[in-house]
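Notes to accompany the following structure.
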Amino acid sequence: MTDTARYERSDFQTDQEVRWCPGCGDYTILASVQSFLATLDIDREKHVFVSGIGCSSRFPYYMNTYGMHTVHGRAPAIATGVATANPDLTVWVITGDGDGLSIGGNHLIHALRRNVNLNIILFNNQIYGLTKGQYSPTSEVGKLTKTSPMGSIDRPFNPVSLALGAEASFVARTLDMDRNHTIEMLAAMHENRGAGFLEIYQNCNVFNDKAFLDLTDKETRDQNRIWLEDGKPIIFGKNGEWGVQVDAHGARIVEVADVGHHNLHVHDSHAPNPSTAFALSRIAQGPYGPTPLGIFRNVANPSYGHEMERQIAAAQQKRGPGDLQTLVRSRGTWTVD
Amino acid sequence: MTDTARYERSDFQTDQEVRWCPGCGDYTILASVQSFLATLDIDREKHVFVSGIGCSSRFPYYMNTYGMHTVHGRAPAIATGVATANPDLTVWVITGDGDGLSIGGNHLIHALRRNVNLNIILFNNQIYGLTKGQYSPTSEVGKLTKTSPMGSIDRPFNPVSLALGAEASFVARTLDMDRNHTIEMLAAMHENRGAGFLEIYQNCNVFNDKAFLDLTDKETRDQNRIWLEDGKPIIFGKNGEWGVQVDAHGARIVEVADVGHHNLHVHDSHAPNPSTAFALSRIAQGPYGPTPLGIFRNVANPSYGHEMERQIAAAQQKRGPGDLQTLVRSRGTWTVD
Amino acid sequence: MSDETLTQPRPAPEQIEDVVIRFAGDSGDGMQLAGTQFTASSALFGNDLATLPNFPAEIRAPQGTIGGVSSFQVHIADWDILTPGDNPDCLVAMNPAALKANLHDLAKGGLLIVNSDAFEERNFAKAGYTSNPLEDGSLDAYQVITAPMEELTKEAVKDSGVTGRATLRSKNFFALGLMSWIYTRPVDPVVEWIATKFGDDSPVGRANLMALKAGYNFGITVEALHHTYEIQPAKLPPGEYTNVVGNTATAWGLIAASVKAKLPLYLGSYPITPASTILEELARHKNFGVKTFQAEDEIAGIGSALGASFAGRMSVTSTSGPGLALKSETLSLALIMELPLIVIDIQRGGPSTGLPTKVEQSDLLFAMYGRHGESPLPIVSTSAPSDAFDAAFEAARIAVKYMTPVILLTDGYIATSSEPWRLPDTDALPDISRPFANPSPDETFLPYLRDEATLSRPWAIPGQPGLEHRIGGLEKDSVTGNVSYDPDNHETMTHLRARKIAAIAKDIPEVTIHGGGSELLVLGWGSTYGAIRTAVNRVRKSGREVAHAHLRHLNPFPPNLGEVLERYDTILVPEINMGQLARLIRAEYLVPTVGYNRVQGLPMKAREIETKIHEVLDGGVTP
Amino acid sequence: MSDETLTQPRPAPEQIEDVVIRFAGDSGDGMQLAGTQFTASSALFGNDLATLPNFPAEIRAPQGTIGGVSSFQVHIADWDILTPGDNPDCLVAMNPAALKANLHDLAKGGLLIVNSDAFEERNFAKAGYTSNPLEDGSLDAYQVITAPMEELTKEAVKDSGVTGRATLRSKNFFALGLMSWIYTRPVDPVVEWIATKFGDDSPVGRANLMALKAGYNFGITVEALHHTYEIQPAKLPPGEYTNVVGNTATAWGLIAASVKAKLPLYLGSYPITPASTILEELARHKNFGVKTFQAEDEIAGIGSALGASFAGRMSVTSTSGPGLALKSETLSLALIMELPLIVIDIQRGGPSTGLPTKVEQSDLLFAMYGRHGESPLPIVSTSAPSDAFDAAFEAARIAVKYMTPVILLTDGYIATSSEPWRLPDTDALPDISRPFANPSPDETFLPYLRDEATLSRPWAIPGQPGLEHRIGGLEKDSVTGNVSYDPDNHETMTHLRARKIAAIAKDIPEVTIHGGGSELLVLGWGSTYGAIRTAVNRVRKSGREVAHAHLRHLNPFPPNLGEVLERYDTILVPEINMGQLARLIRAEYLVPTVGYNRVQGLPMKAREIETKIHEVLDGGVTP
Ligand SMILES: Cc1ncc(C[n+]2csc(CCOP(=O)(O)OP(=O)(O)O)c2C)c(N)n1
Ligand SMILES: Cc1ncc(C[n+]2csc(CCOP(=O)(O)OP(=O)(O)O)c2C)c(N)n1
Ligand code: SF4
Ligand code: SF4
Ligand SMILES: [Mg+2]
Ligand SMILES: [Mg+2]
């Protein structure tokens, strides 16, 4: 946070009481987003938060910006309207693993493909919270829930792989409890003018508590958090004993001692070809065991909203501003007198 | 085709006049599918063809099997019902680039993720045919259509990448006019018990003629068709002068002379890790220049329909077949007399 | 239970006919559980009863705030009651917010039981109190009994193994124990439930048990609580009863229908409040061959069900308003394909997300007209939790017999509340199976050749040789089912689809009249049944004549409805909407109606209807 | 055009008042183009006219089959006509299938022009003929003129540069040339069109030009064709006219509204027949700042439009029945958010995919009730292509002024047909702009604080400091707009939403009556206007009194409608549906109605309505 900041975190808080369960990971994410916005030199009124339905989707009510709490799964589509109607706005999409990947999966992949100027944050708690605990498209196979009493038979999505398969220009992953890293990711996503996709592992302490234990537990977290940092070889583990190599068969975890430091994969989120990012996304199929966190992909592509503006400008350049009289006459006329 | 075949192609033809435009690629695909089914030892009445809406989606009317011509984009969901209700059936989904990737994208990726026992055929003509020529999610950037008079600003999907990102177990691509290869792909997809996804480049000679010229034109096709064959190094070009290498940065085209035959990538569609398949899918973003054709991925995973059956059987095993009297008493009762 | 205190001799309780009790606390206080257990004991004790759970849309809104208050109301009686009661006679308030949010409903002079430990300075503001209501005299109109429930619970459970703040979690059992003492409820069922739920020696189980006893003992020891009450078992029609929640009964009705239709049940659904519990209940009965598919959205929910129907299954999709909206297009496809399909809409407060956990009857016109084109289909409704089983069965019967999608309308009140249900003799349920089409070697199969009697088409399922056929959403030839753009054929098909549904009127019971006179008929549908019937009975007790008719079938209407309406000077139509049934009645029969419409997200109150009836009878209202 | 043949002296044509001509051929024969060009020339010539294109749902169904037949009917007159005519006086049949499919419509004694080259053995079976209709005497009742159009075209274009089968593509221009001769149409407009469309020296352009001349010359040379006809320019009200297609007029009306509201136009839409051309037309006018977003589906179409509305744009989404079904849920959100949004539904034959290229009026009740919960919104309709501009403008006016989604109902007939439209003075169009909300330093912004007069809430758009606010689909407090689960507030809001829409009645014109008497009122809406008005005028010419009222506003109804209906003994309601407006009228005013309902996917025929009116006046029909 620069001390020249125009805003305080409190400038982004509303008078509405926050209605998440005590201990919910959503609180931490809310704090991170508010703190991040306070560091930006962007007018508060230029931010628009658009969400669907779900616990996470209550988010906009707690942000003192413009906001729309819409219908289930449609936030990316509605936000596309906001962002293309007025590309000067900074538009955020808040969604959940059910909202964004189950009912809303299509709008999500299309927004990514078109590279709409949106910052999409997926609160992944691997469960349907608001409807009281049914399995979601990111729940693990065999999960016991109210709707899967004998265990879920659904094979989950890997949100990062899906986003990359959908041509996303910016794809990252972080953890609710790590506020600094979350803010880092938010900053990078915000810098990318096109569609950004940030998956946040978010703990639902009521219906899916400890889903991310491997990554959060003091005991295990160091050997399971694989931080992706540009220009650096991918190393992890308590004492950096583990590393990642990538080759024709994909990415795999190796012991640094065996392969040697210089043979580790050096991360480059800016690579035009998403193949490496995809390979890295396959290291873990969920927050189980060693899991990459950070920016998988970050490339610059023309944003949809600005491309639309470009065509408008070009048309006005070429044909001049529209004139109604000319319009209604454009198909040829005759006069009766 | 075995000569012991129980069926002739004609057994799969209906009395309905085929209503595609003269010269449409759909005719060839219809012929390929009918010929393929005739080679199978599966009762005709066990086949169900489910489609959405579009020129391609008229397909079921021309197949003398059970069939449903449904609503736009929903075929994978409706077919999921057929295939899970009765896994003994062989269920085919016929869809188009608009039907399957635009409005129906979500159902498609969920059917693939769940690995529903379906054979999905995407007729990709890179245009909306039935509505008379608007751009589709596979149309190239800058395409001029009725709805994009200044050129489309939509970045297209790469259907193979998307399917891989959605955890698909079987992903392949072929060309309408190559009937033998189409039949080969159909056979492999059919053998895989889970969800199969086959993209067929299909020429729409009325609204998007010659979209696949690079791959079909006598002059250019040899240096542009990259055939993927298991166990073989990937080589292409008139005299096999070109090859493909895969490494940490993805797949790239090389001159065989430069790198040497033994250094080319040997294709393995059965690799559990989809990273290589994804890398191969990035060689071409559409049918422009050298483009891989064949099976990208083919791995065995439990099929959704059979997993459902398994749970039913287990439940009946454990609790015996359901009994209504026991059911209504299960919450505790009292008697008034 | 092995403990004597709970079976000690006790002062003779006052006998009362019925009582309405409301447990109110924080979302985290376990009031739904306390209420459910209190209800269960009363049910097993043989009372008639009706419940009304009421919880916020959030999972656990902030502690101590009005928004976080969750309540459970139960009406228990020694006679045949039909509603959870308009106002509680007894209110249990676990904190200031719960008091604030519920006190205005408590009957004057009512019994108010308060957890005094929660009445601290810091909680008043959150609840919107400026002073301590326990001290500022604002409760003088009630019999207030305060208990330091948290202290006593902590104390009671100290040897349970549960420690720290977790001990407070058991305070709902303290309250339950106390209420069991005051209303002379058997506690053994609760004790058993604890045992089965938590196992014999789990700390939590022990803690709950100890708290339960402590609450009960508190009653024994505190003088002020020696005036207790008892409600004798109700004189219900003889039979075996269970206490059933509406959504459970609906799910069971579907299972019964699948058994009686000899078709495996298939549910394609996407979770949504208050419908999710139907999916959850059916998922537990795979041993009936029930397949439940949790789809990616409502469109896939109905889509998969439609596919399963084509494959020859008893197919269902369950949802609430927003989900029904998404299903509209595919429902129209099911309609033109003429395949059986049951669409359950649990109505909740709208429009949009509205009041997701509250009741409303505002989807009737949507169910009737919520599809493009001319798209008639049958609509069946249910009037109470104990009626849901039959309603679901009836919807299934019509769907299969007439090869049509059917909409079953229930609502958020029926879905979540419970009442005693006299168990049907399931063996005696009618056989509702229908034969699948059979191939005839000589003729070609005509999928749209109708049965004269029902106008329904044959059902030919994949796997059956010789019946291969294709159906779709384009208009079809009225016999072959092939695509047809012929103008006359389209008109023929439009009329056929309409006649098929209209003719179902011949196959449903006539509407029956309760009560008499020719002045006023109260016409209702759905969950207002209990309130209307109660109101009508009270008015009749008061010596005035009034009649009540309640509709199960909303499309088509019962054959005699028009003629029945003619018989009365005034038709009063109470609805939890702005007058949707009234519009249908007016358009169909051109009869004037008087509406009584409340849209507060709450069930109808018998007293309000009673008042309205008197008003009409006094001539105070003209259509 | 530089060619003398076309300007040669010619026999004096017979003057006729009007003629109905139908061009019919294979989907590939270019009949739509021939018809459109013939229409264009007639328009520029100053005739009044109305057209009726009619094509199969397939792009190019198999050649020579009935299913593949595409036709274009045009009615040209020297007086003020309102319909494309019930039956053609002249039929151009390019092949046996076209003859078979259309002959039954041709008026007895009518002129039949046949492309004899297509009448070969192999084509008869495909068209369902057993013998050659040109020889078996089955055409004796008509004046048949045969022309070997293919031979003559091939011959004519041989030097064009076009070769092989491609030469045949020009035969529609041969037909056009021939028809221009017979009906004395100017061909210069066609010549110019060819030049601009194909460029001066493209082979195809040359071929078409040569074929056009050949056809015209054929007329000159063939004796049998020396009896020609001429229709004088129509005595239309003075002004500047253009020949406009319904969807084009609709698109232009939206652009005009955006200019007059000072809001950039935003269309979020997904292609669907017959609505796609609105998206296509608007995409061409980016210089007006119009943004068109081709969404991934209809839900994203309306979703993006709703987002754009929140951002302060004039937002529109366009679709047809199946798409409207998908928009229902988001429409309900727009309604509770109270944001302006125009939803255009081009009605087509339903249910489901139904008859996608045909007309129907069967979405009225869906538009009215097609949302869950209590979800009232305004419905505006259009009655003809030349009316679509005003209807779209009116829908936009209401949406912005009352902060509400508005449904604009048009249909597949209006969408694709054309007629002369007297150009409005666009500068004189009313200003329909409304101010955005402004921050007031002292008070906090209240997004749901309503304007007393309109009950509409303030529109505060992102980018405006001090007005940051959140809105959503949960019920809101009636002033702050914050989430509120309060029962009374929900009731208040439900009534407010209803009253706001109902009160619009004060802001729309009263319904006007054409004709007289008190016996019979013919009440219509939408595209039946021309047919009803024509029928009513004919009946009145016959000396009987009858009245016609046509509704633009379907919700709310015009304030005087109830009182108007009272004045007549009988209300006849012709609709291309099963009686949807009738249901609304009956429910609202409790007046009996007589329906005249056709659902054939075709526009209403004036003659049928005329007959029906006489029947009613003769007392043959009782409500
Ligand atoms: C159309 C529609 N379908 C279903 C629902 C019910 N519903 C609300 S939230 C939700 C899923 C919530 O899961 P997620 O998106 O992961 O959010 P979370 O609560 O876990 O943060 C569902 C199914 C709805 N509100 N609307
Ligand atoms: C709900 C709905 N929206 C839109 C349409 C209109 N529509 C029919 S087919 C189609 C797209 C066809 O494109 P594609 O799926 O690629 O099939 P193709 O015709 O190219 O084979 C569209 C938009 C429809 N029928 N239903
Ligand atoms: S249910 Fe889970 S996700 Fe929802 S608020 Fe509670 S803890 Fe958070
Ligand atoms: S429009 Fe194109 S895709 Fe459709 S049938 Fe004709 S050629 Fe085939
Ligand atoms: Mg979640
Ligand atoms: Mg296509």
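First the proteins, then the strands, lettered A, B, ... as listed; each starts at 1. Reckoned from all heavy atoms, side chains included, excluding hydrogens, waters and symmetry mates.
Nearest heavy-atom pair across A:Gly165 and B:Phe278 is CA-CE1, 4.0 Å. The two residues A:Gly250 and B:Ser275 have their closest heavy-atom pair at CA-CB, 3.8 Å. Here the closest heavy-atom approach between residue B:Glu167 and residue A:Pro156 is recorded as CG-O, 3.7 Å. Of all the heavy atoms in A:Asn106 and B:Ser102, the pair that sits closest is ND2-O, 2.6 Å.
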Where do A:Tyr304 and B:Arg155 land on the side-chain contact (heavy atoms from CB on, under 4.5 Å) test, with the steps shown first? CA-CA 9 Å; A:Tyr304 202 73; B:Arg155 302 166 62 244; over 6 Å; no
Could you please spell out the steps behind the side-chain contact (heavy atoms from CB on, under 4.5 Å) verdict for A:Asn273 and B:His249? CA-CA 7 Å; A:Asn273 187 332; B:His249 307 293; over 6 Å; no
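Contacts of A:Ser148 with chain B are absent, with no heavy-atom separation under 4.5 Å from either backbone or side chain. Heavy-atom distances place no part of A:Leu280 under 4.5 Å from chain B, backbone and side chain included. For a residue to count as touching a neighbouring chain, one of its non-hydrogen atoms must lie under 4.5 Å from one of that chain's; by this rule A:Asn158 touches chain B with backbone and side chain alike. Interface residue A:Ala315: backbone and side-chain heavy atoms are both found under 4.5 Å from chain B. Contact of A:Asp268 with chain B is not made at all, since no heavy-atom distance falls under 4.5 Å.
The greatest number of non-hydrogen atom pairs below 4.5 Å with chain A, out of B:Gly105, B:Ser161, B:Ala248, is found for B:Ala248. No other option in B:Arg310, B:His107, B:Gln311 has as many heavy-atom pairs under 4.5 Å with chain A as B:Gln311. Between chain B and the residues A:Ile109, A:Leu164, A:Leu108, the largest count of heavy-atom pairs under 4.5 Å involves A:Ile109. Interface summary for chain B: among A:Gln285, A:His265, A:Met150, A:Glu307, the most heavy-atom pairs under 4.5 angstrom belong to A:Met150. The candidate with the highest count of non-hydrogen atom pairs below 4.5 Å against chain A, out of B:Arg114, B:Met308, B:Arg282, B:Arg113, is B:Arg113. For chain B, the option among A:Ala271, A:Pro149, A:Gly151 with the highest count of heavy-atom pairs below 4.5 Å is A:Gly151. For the options A:Ala279, A:Ser281, A:Pro274, heavy-atom pairs under 4.5 Å to chain B are most numerous at A:Pro274.
Distance CD/A:Glu309 to CD1/B:Ile153: 10.0 Å, rounded to 0.5 Å.
Remark: B:Gln317 CD is loosely packed, at most 12 non-hydrogen atoms of other residues, nucleotides or ligands lying under 6.0 Å away. Around the CZ atom of A:Arg193, the shell of radius 6.0 Å holds no more than 12 heavy atoms that belong to other residues, nucleotides or ligands.
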